Trainee: 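My structure is below; once you've seen it, I'll send some questions.
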Amino acid sequence: IGFVLALTNFFADVLAPADQRDTGKDVDLRKMRDFSLTLLPPLAISCYDPTLFFQAIDKAGAFGVSVLFGFLPAWMALAQRAKELPVLIASPGFLGGYQRGPLVPGGVISLALA
């Protein structure tokens, strides 16, 4: 639902002339055009060859899930460690008893294995 709404809003912004963006003239026709441009091409492809559409969804889903839950958390942890955010750990006798340290121990090797 979110993808359809975002793509129809994109088509509405791109295809509407600058003088008609704020007016209410032909709003229904423009909405019909935008929804048609959003929904008819995937519908035509899926009706022509349903296996092609299922294969594309399968590959996109597997890639997205592996990036989202596999690589992205490790990359975010590496980026956070590269910034040296002030995570204070107790260290008696050093600058008032605290120093900067990693949020999670293990280093780059543990993030690569994760």
Side-chain angles (χ1 to χ4, degrees):
I1 294 173
F3 177 76
V4 171
L5 291 175
L7 197 55
T8 54
N9 286 336
F10 170 75
F11 284 131
D13 289 341
V14 169
L15 299 176
D19 59 346
Q20 289 184 356
R21 288 186 190 192
D22 295 329
T23 62
K25 185 177 179 183
D26 298 327
V27 173
D28 292 334
L29 288 176
R30 283 188 277 148
K31 284 184 180 181
M32 180 80 71
R33 176 200 62 198
D34 299 336
F35 276 108
S36 298
L37 286 172
T38 301
L39 297 175
L40 288 181
L43 180 66
I45 291 171
S46 65
C47 288
Y48 177 70
D49 187 8
T51 60
L52 179 69
F53 192 68
F54 290 139
Q55 289 173 2
I57 287 178
D58 185 35
K59 287 181 180 30
F63 177 74
V65 167
S66 65
V67 167
L68 183 63
F69 297 116
F71 299 114
L72 196 58
W75 288 339
M76 289 168 43
L78 281 173
Q80 185 177 11
R81 288 181 182 184
K83 285 182 174 179
E84 291 187 357
L85 292 175
V87 177
L88 300 176
I89 58 173
S91 176
F94 180 77
L95 296 176
Y98 292 100
Q99 68 178 1
R100 288 185 183 179
L103 186 62
V104 178
V108 177
I109 293 174
S110 66
L111 290 174
L113 293 175

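All values reported here derive from a predicted model rather than from experimental measurement.
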Trainee: Between Phe10 and Leu37, is there shared hydrophobic-cluster membership here, with clusters defined by ILVMFWY side-chain heavy atoms closer than 4.5 Å?
Mentor: yes

Trainee: Using the rule that Ile, Leu, Val, Met, Phe, Trp and Tyr join whenever any side-chain heavy atoms are under 4.5 Å apart, tell me whether Leu39 and Phe3 fall into a single cluster.
Mentor: no

Trainee: Under a single-linkage rule joining Ile, Leu, Val, Met, Phe, Trp and Tyr whose side-chain heavy atoms are separated by less than 4.5 Å, which residues share a cluster with Met32?
Mentor: none

Trainee: Could you note down all residue pairs passing side chain to side chain donor-acceptor pair (under 3.5 Å) where residues 32-53 supplies at least one of them, sequence neighbours left out?
Mentor: Asp49-Thr51

Trainee: To the nearest 0.5 angstrom, please state how far the CZ atom of Phe35 sits from the CG atom of Leu5.
Mentor: 6.0 Å

Trainee: Please identify each residue that fulfils side-chain contact (heavy atoms from CB on, under 4.5 Å) with Leu72, with sequence neighbours left out.
Mentor: Leu68, Trp75, Met76

